[in-house]
Amino acid sequence: TFAVRARDSAGNVDSTPASYSWTIDTIPPDTSLDIKPDNPSNDTNASFQFSSLDATATFECQLDGGGYSACMSPKTYTGLSEAGHTFDVYAVDPAGNVDLSPAGYTWTIDLTAPTITIFDPDTSPATSKTITASVSDGTLSMSNTTGTTCDGSLTFIPYASQTFTSEADNGIKVCYRAVDIVGNTRYNLSNAIAGIDTTPPDTHLDGKPADPTNSPNASFHFSSLDETAAFECQLDSGGYSTCTSPKDYTGLSDGGHTFAVRARDSAGNVDSTPA
């Protein structure tokens with residue numbers, strides 16, 4: 001406080017001096033960032049609430065280094081792009097002191113659903129088919145469906161690779177759902193299962209030697225209704241090996257002999273009752 005009074009030449013003194021009081025403030029205000037968006041987020045809008053212990057302070061804000069300008073709490077931004085963003089705010093007190101360490105926050109807006117990769121089995125014949133899948137990020141779940149529906153109306157369970165072993169499974173499709181940390185969701189439907197074959201082929205013995213016979217040679221003709229089938233033959237329990245029709249044997253010894261042939265289809269099914 002400064003005071004000044006006048007005194008005249010007769011010694012009279014002003015009993016009401018002029019005075020002025022003022023405050024010297026060199027302490028910058030501190031800035032607190034109280035509420036901010038989640039990180040990451042799939043919301044293109046962001047709202048920030050901030051404060052200072054100096055209730056008289058005003059604020060300056062900037063987004064993504066675009067330059068500071070006067071702002072008030074809350075400060076809201078809308079229609080932000082899918083990318084990383086940074087918000088900064090500092091307090092300024094009435095004396096002009098500026099917080100030299102602005103409160104800042106960096107977050108990412110993610111609007112992209114994760115990618116699902118499905119590894120469908122080929123359609124070649126097999127006794128079983130396994131479908132597997134992977135996800136670029138987030139969690140993967142699945143639901144069986146025999147139709148073409150693949151959306152949130154289904155019930156989903158945690159992902160696991162699936163093996164199908166019944167011919168009735170041909171035509172089944174698997175719906176997969178991926179959800180990332182911010183809730184972006186994607187659905188993908190597998191191709192239909194095809195080519196499961198669990199039915200063994202039947203083997204027919206079409207031509208064989210007479211019984212009894214005085215020939216040391218023998219020729220066997222055989223076939224299967226499965227035109228893709230291959231054959232395995234054995235003579236006198238000597239073990240099966242690949243063969244084709246006709247199968248000829250020469251120089252056989254006197255005595256009883258037994259010939260067996262079985263068909264094996266392209267899926268690997270084997271006739272369990274060899275002809």
Side-chain angles (χ1 to χ4, degrees), residues 36-46 64 77-86 105-202 224-230 232 242 262-272:
K36 49 193 180 290
D38 292 333
N39 181 38
S41 169
N42 64 352
D43 191 346
T44 59
N45 302 326
D64 297 335
Y77 299 94
T78 60
L80 297 176
S81 63
E82 181 179 21
H85 296 280
T86 299
Y105 182 68
T106 297
W107 81 107
T108 298
I109 295 176
D110 178 7
L111 305 177
T112 302
T115 298
I116 301 172
T117 302
I118 300 174
F119 302 93
D120 290 298
D122 61 37
T123 58
S124 59
T127 56
S128 65
K129 298 281 183 172
T130 299
I131 296 182
T132 60
S134 65
V135 64
S136 59
D137 67 286
T139 58
L140 188 63
S141 54
M142 64 189 185
S143 176
N144 287 358
T145 174
T146 54
T148 58
T149 300
C150 189
D151 55 33
S153 65
L154 301 174
T155 299
F156 289 85
I157 59 175
Y159 164 78
S161 64
Q162 293 174 281
T163 299
F164 300 89
T165 59
S166 169
E167 291 185 16
D169 293 330
N170 287 315
I172 280 182
K173 298 181 180 182
V174 181
C175 177
Y176 294 96
R177 179 182 66 187
V179 183
D180 67 17
I181 191 173
V182 297
N184 295 310
T185 304
R186 188 184 302 276
Y187 298 91
N188 268 16
L189 187 65
S190 75
N191 291 327
I193 290 290
I196 298 179
D197 178 6
T198 59
T199 303
D202 193 30
S224 173
L225 292 178
D226 185 337
E227 296 180 354
T228 67
E232 298 171 345
T242 301
R262 64 189 183 190
R264 180 186 296 272
D265 66 21
S266 56
N269 298 296
V270 178
D271 186 356
S272 59

* From CD1 (Ile131) to OG (Ser161), nearest 0.5 Å -> 10.5 Å

* Would you say the side chain of Thr132 lies within less than 4.5 Å of the side chain of Tyr159, judging by non-hydrogen atoms? -> yes

* When rounded to the nearest 0.5 angstrom, what is the spacing between OG1 in Thr123 and CD1 in Ile193? -> 11.0 Å

* To do: Please tell me if the side chains of Ser81 and Ile109 come closer than 4.5 Å, counting only heavy atoms from C-beta onward.
  => no

* Beyond-backbone contact of Asp202 with Leu225, side-chain heavy atoms, under 4.5 angstrom -> no

* Going by atom types only, do Thr127 and Thr198 share a side-chain donor-acceptor pair under 3.5 Å? -> no

* How far apart are the closest heavy atoms of Asp197 and Thr199, and which atoms are they? -> OD1-N, 3.0 Å

* To do: Write down the atom of Pro201, the atom of Ala263, and the distance for their closest heavy-atom approach.
  => CG-O, 3.5 Å

* Asked: Does Thr165 use its side chain to pair, donor to acceptor, with the backbone of Ser128 at less than 3.5 Å?
  -> no

* Calculate, to the nearest 0.5 Å, the distance between atoms CG and CG belonging to Leu80 and Asp64 respectively. => 7.5 Å

* Asked: Taking everything shown except Asn45 itself, do over 12 heavy atoms lie less than 6.0 Å from its CG?
  -> yes

* **Ser124-Asp122 side chain donor-acceptor pair, cut-off 3.5 Å** => yes

* Asked: Atom CG of Asp43 and atom CG of Asp110: how far apart are they, to the nearest 0.5 Å?
  -> 12.5 Å

* Rounded to the nearest 0.5 Å, what's the gap from CH2 on Trp107 to OG1 on Thr86? Could you check? => 7.5 Å

* Determine, stepwise, if the pair Asp169 / Lys129 fulfils side chain to side chain contact (heavy atoms under 4.5 Å, CB included). => CA-CA 9 Å; Asp169 293 330; Lys129 298 281 183 172; over 6 Å; no

* Using the side-chain contact (heavy atoms from CB on, under 4.5 Å) rule, pick out the option among Asn144, Asn191, Thr149, Leu189 that qualifies with Lys173. => Leu189

* Asked: Where do Glu82 and Thr112 come nearest, in terms of heavy atoms and distance?
  -> OE2-OG1, 2.6 Å

* About how many Å separate OG of Ser190 and CD of Gln162, when rounded to the nearest 0.5 Å? -> 8.5 Å

* Asp151 and Ser153: side chain donor to acceptor below 3.5 Å -> yes

* Asked: Does the side chain of His85 reach to within under 4.5 Å of the side chain of Thr106, using non-hydrogen atoms?
  -> no

* Quick check: does any side chain N or O of Asn170 sit under 3.5 Å from a backbone N or O of Ile196, one acting as donor and the other as acceptor? -> yes

* Asked: Are any side-chain N or O atoms of Asp265 and backbone N or O atoms of Thr228, one a donor and one an acceptor, separated by less than 3.5 Å?
  -> no

Using distance only, find each side-chain donor-acceptor pair of residues 174-182 under 3.5 Å and give its atom names and separation, not counting sequence neighbours.
residue	atom	partner	partner atom	Å
Arg177	NE	Ser141	OG	3.4
Asp180	OD1	Val182	N	3.1
Asp180	OD1	Gly183	N	3.0
Asp180	OD1	Asn184	N	2.8
Asp180	OD2	Asn184	ND2	3.0

